[in-house]
Amino acid sequence: MSTKIADVIVPEVFTPYVIQRTMELSALFQSGIAQRTAEFDRLASASAKTVQMPFWGDLTGDDEVLDDNNALTPGKIQASKDEAVILRRGKAWGANDLAANLAGDDPMRAIGDLVASYWARRYQAALIATLEGVFDAANMSTNVHDITGESGDDAIISAKTAVDAAQKLGDAKGQLTAIIMHSATEAALKKQDLIEYLPASTNGTMQIPTFLGKQVIVDDGVPYDSVTGAYTTYLFGPGAVAYGEGNPVGFVPTETDRDSLAGEDYLINRRTFILHPRGVRFTSQSVAGVSPSNTELADGDNWTRVYEPKAIRIVKFIHKIA
């Protein structure tokens with residue numbers, strides 16, 4: 001008798017395994033850009049479309065000179081709120097899509113790795129869509145460095161122009177430790193001998209690409225304008241994106257099913273999660289369903305900055321490569 005998906009998939013085991021493997025396989029998590037916390041796991045489990053996160057603003061105003069005639073003027077602290085959207089996504093596969101992997105020594109691991117790789121790609125796509133929307137928000141221009149209007153080398157990504165991009169965060173620029181770029185941008189930097197490789201482990205079998213000491217993540221999903229030749233590159237600080245995996249009441253993350261008459265096995269996987277750029281509030285101005293699509297995440301009307309620019313820990317760098 002042949003092995004069925006239900007024979008190797010135990011939902012209570014499979015679900016946490018796939019989540020962990022997704023994090024292991026995704027450069028977003030390995031680079032430290034996205035950091036998972038118990039607090040955001042809790043928020044992602046809420047029975048709501050969005051979750052509000054109140055915070056206190058920084059203290060402002062000049063200090064005062066003490067004297068024996070005048071009292072100090074009391075200042076105040078301002079309360080504000082960040083807001084994250086809960087993303088609800090799912091995917092189903094038929095047994096034929098996974099059949100080749102059922103012949104392995106560990107079929108659950110084979111299936112799990114395929115599912116985890118799929119979600120690693122989809123999380124990255126959701127984050128890139130989010131970044132498009134975030135930087136299309138009306139009050140995010142302070143974190144954008146656009147050199148495409150310059151001429152010659154001044155319009156091209158290089159060590160010099162990338163340093164200028166990082167300078168958008170001023171004295172907080174040292175927080176920027178990772179960078180997402182188009183493969184064409186990476187190729188251009190390689191031609192300039194600006195991509196260096198560091199061993200990912202003590203045995204040195206894996207190499208991590210870096211640019212100016214920042215870990216490089218390559219993804220052709222980042223914006224590219226074929227008409228103007230403008231490429232977008234994002235610089236990040238660690239934990240710039242808050243991540244949480246939710247398990248709300250009544251949620252079924254993993255199911256198997258079988259159509260006996262057709263001889264078809266099915267694997268259904270659902271995810272409820274948060275990937276939230278800290279300090280940029282999701283406004284829900286233009287969302288049709290219970291959870292936004294990637295297209296809606298990329299809509300600038302759905303985002304507004306609530307932190308000070310330096311605290312955002314993300315810079316959008318728009319440039320050319322030649």
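Since this is a predicted model, take the numbers as computed values, not measurements.
With rounding to the nearest 0.5 Å, the separation of CD1 in Ile86 from CZ in Phe273 is 11.0 Å. Of the inter-residue distances, the one linking Glu150 atom CD with Lys320 atom NZ reads 10.5 Å to the nearest 0.5 angstrom. The structure places CZ of Arg281 at 8.0 Å from OG1 of Thr50, a figure rounded to the nearest 0.5 Å. In this structure, OG1 on Thr73 lies 4.5 Å from CD on Glu64, to the nearest 0.5 angstrom. Thr130 contributes atom OG1, which lies 6.5 Å from atom CG of Leu87 (distance to the nearest 0.5 angstrom). Atom CG of Asp220 and atom CD1 of Ile128 lie 9.0 Å apart (nearest 0.5 Å).
In the hydrophobic clustering of this structure, Tyr243 groups with Leu131; members are Ile, Leu, Val, Met, Phe, Trp, Tyr whose side-chain heavy atoms approach within less than 4.5 Å, directly or through other members. Connection of Leu127 to Val280 is established within a shared hydrophobic cluster, with ILVMFWY side chains joined at heavy-atom distances below 4.5 Å, either directly or through further cluster members. Transitive grouping of hydrophobic side chains (ILVMFWY, heavy atoms separated by less than 4.5 Å) brings Phe236 and Leu275 into a common cluster. Note on Ile180 and Val315: separate hydrophobic clusters, where clusters join Ile, Leu, Val, Met, Phe, Trp and Tyr whose side-chain heavy atoms are under 4.5 Å apart, directly or indirectly. Cluster membership check: Leu176 does not share its hydrophobic cluster with Ile314, using side-chain heavy-atom separations under 4.5 Å among Ile, Leu, Val, Met, Phe, Trp and Tyr.
Contact check for Thr272 versus Pro248: side-chain heavy atoms found under the 4.5 Å cut-off. Considering only heavy atoms from C-beta on, Ile147 stays 4.5 Å or farther from Ile157 through its side chain. Residues Ile208 and Gln30 are not in side-chain contact: their nearest non-hydrogen atoms beyond the backbone lie 4.5 Å or more apart. Contact check for Val115 versus Trp119: side-chain heavy atoms found under the 4.5 Å cut-off. In this structure, the side chains of Asn294 and Arg89 come closer than 4.5 Å at one or more pairs of heavy atoms. The closest side-chain heavy-atom distance from Phe251 to Ser47 is not below 4.5 Å. Inter-residue side-chain proximity for Asp153 and Lys160 is flagged as unmet; no heavy-atom pair is nearer than 4.5 Å. Two residues are said to be in side-chain contact when any heavy atoms from C-beta on lie closer than 4.5 Å; Pro277 and Trp303 meet this criterion.
In the displayed structure, Lys214 atom NZ is contacted under 6.0 Å by more than 12 heavy atoms of other residues, nucleotides or ligands. When the shell of 6.0 Å around CG of Asp62 is examined, it contains 12 or fewer heavy atoms from other residues, nucleotides or ligands. A 6.0 Å sphere centred on CD of Glu39 holds more than 12 heavy atoms belonging to other residues, nucleotides or ligands.
Asp225 places no side-chain N or O within 3.5 Å of a backbone atom of Ala230 that could act as its donor or acceptor partner. Using modelled atom types, one side-chain atom of Asn302 and one backbone atom of Glu296 make a donor-acceptor pair closer than 3.5 Å. Under a 3.5 Å cut-off, the side chain of Arg258 and the backbone N or O of Ser260 do not form any donor-acceptor pair. Between the side chain of Asp257 and the backbone N or O of Leu267, no donor-acceptor pair lies under 3.5 Å. Side-chain atoms of Thr232 do not come within 3.5 Å of backbone N or O of Val222 as any donor-acceptor pair. Between the side chain of Thr283 and the main chain of Asp301, a donor-acceptor pair closer than 3.5 Å is present. Under a 3.5 Å cut-off, the side chain of Arg313 and the backbone N or O of Pro238 do form a donor-acceptor pair.
Between Arg270 and Glu255 there is a salt bridge, since a side-chain N of the basic residue sits under 4.0 Å from a carboxylate O of the acidic one.
Annotation: side-chain hydrogen bond (donor to acceptor under 3.5 Å, both in side chains) contacts of Thr233 (sequence neighbours excluded): His319. For Tyr231, the ring pair (Phe, Tyr, Trp, His ring centres under 6.0 Å) partners two or more places apart in sequence, or in a different chain, are His182, Tyr224.
Of all the heavy atoms in Ser291 and Arg88, the pair that sits closest is OG-N, 3.0 Å. The heavy-atom pair separating Phe40 from Met53 by the smallest distance is CZ-SD, 3.5 Å. What you find for Gln215 and Ser31 is that their closest heavy atoms are OE1-CA, 3.5 Å. Here the closest heavy-atom approach between residue Glu245 and residue Ile19 is recorded as CG-CG2, 3.8 Å. Minimum heavy-atom separation, Ser26 to Ala120: CB-CB, 4.0 Å. The nearest pair of heavy atoms linking Leu212 to Ala162 is CD1-CB, 3.8 Å.
Thr15 and Thr254 share a donor-acceptor pair across their side chains, judged by distance under 3.5 Å alone. Using modelled atom types, one finds no donor on one side chain facing an acceptor on the other under 3.5 Å when comparing Asp265 with Thr256.
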Self-check item: Full working for side-chain contact (heavy atoms from CB on, under 4.5 Å) between Leu169 and Asn143
Solution: CA-CA 7 Å; Leu169 292 193; Asn143 287 55; 3.6 Å; yes
Practice problem: Report the C-alpha separation of Asp171 and Lys310 in whole Å, then their side-chain angles, then the decisive distance to 0.1 Å, and conclude whether the side-chain contact (heavy atoms from CB on, under 4.5 Å) test is met. | Solution: CA-CA 8 Å; Asp171 58 8; Lys310 288 183 182 180; 3.0 Å; yes
Quiz prompt | Stepwise side-chain contact (heavy atoms from CB on, under 4.5 Å) check, Leu66 with Leu72 | solution = CA-CA 8 Å; Leu66 296 174; Leu72 293 173; 3.8 Å; yes
Practice problem: Would you check, one step at a time, whether the test side-chain contact (heavy atoms from CB on, under 4.5 Å) holds for Phe317 with Met181? | Solution: CA-CA 10 Å; Phe317 182 21; Met181 62 180 65; over 6 Å; no
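Taking the six-membered ring where the residue is Trp, the centroids of Trp93 and Tyr266 are separated by 6.0 Å or more.
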